[in-house]
Amino acid sequence: MANAQSIVTLKGKIKFFKSETNACFFVDPDMVKAGVASGLGTKAGNACLDNKYGKGAAINFDGLKVDGEYSTPPKEDVLVEVKGYWKVSISKTKVKTYKFMATEWEPFF
């Protein structure tokens with residue numbers, strides 16, 4: 001499934017694990033202003049809200065490469081660089097919901 005999707009890289013923080021592999025991802029507005037990271041734009045949703053970072057995106061780590069250097073999800077509140085693709089769901093009322101399907105991650109240095 002990832003082969004049919006465009007692989008993109010996100011830089012930001014993982015927060016609020018909802019299960020062992022599902023969490024919320026946020027991009028710090030200062031990182032966006034500095035040109036270090038891109039904002040989430042319309043892919044940010046109401047399921048992930050934070051007072052400091054605003055709207056975030058749902059992220060799933062089930063697809064991490066088992067032979068990768070970081071084959072388990074990161075801890076919360078750590079700056080990370082995540083590669084993966086966006087999965088889109090459309091509700092009966094035509095509302096789009098995005099979830100980022102992570103394939104690789106590493107600490108952001």
Min side-chain heavy-atom separation [X]-[Y] under 4.5 Å:
X   : Y    : answer
C48 : Y53  : no
V36 : F108 : yes
C24 : K18  : yes
D28 : L79  : no

Hey, quick one: are [X] and [Y] part of the same hydrophobic cluster, counting side-chain heavy atoms closer than 4.5 Å, chains of contacts allowed?
X    : Y   : result
V80  : V8  : yes
V66  : I7  : no
F100 : I90 : yes

What distance do [X] atom [atom1] and [Y] atom [atom2] have between them, rounded to the nearest 0.5 Å?
X    : Y   : atom1 : atom2 : result
K65  : K83 : NZ    : NZ    : 8.0 Å
I59  : F26 : CD1   : CZ    : 11.0 Å
F25  : F16 : CZ    : CZ    : 13.5 Å
E106 : T9  : CD    : OG1   : 9.0 Å
Y85  : K99 : OH    : NZ    : 10.5 Å

Query raised in the report: By side chain to side chain donor-acceptor pair (under 3.5 Å), which residues pair with K43, not counting sequence neighbours?
Result: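 K43 satisfies side chain to side chain donor-acceptor pair (under 3.5 Å) with no other residue.
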Minimum heavy-atom separation for [X] and [Y], please, with both atom names.
X   : Y   : value
I14 : A23 : CG2-CB, 3.8 Å
T72 : L64 : C-CD1, 3.6 Å
L40 : K55 : CD1-O, 4.3 Å

Query raised in the report: Quick one: does E76's side chain have a donor or acceptor within less than 3.5 Å of a partner on F17's backbone?
Result: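 Looks like yes, one N/O pair under 3.5 Å.
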Query - Stepwise side-chain contact (heavy atoms from CB on, under 4.5 Å) check, K11 with V27 - result: CA-CA 7 Å; K11 298 173 185 173; V27 178; over 6 Å; no
Report task. Look at the aromatic rings of W105 and Y70 and report parallel, tilted or perpendicular, splitting at 30° and 60°. Result ->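 Ring orientation, 0 to 90° scale: tilted.
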Report task. Decide yes or no on side-chain contact (heavy atoms from CB on, under 4.5 Å) for T42 and K96, but give the supporting numbers first. Result -> CA-CA 9 Å; T42 59; K96 288 184 181 179; over 6 Å; no
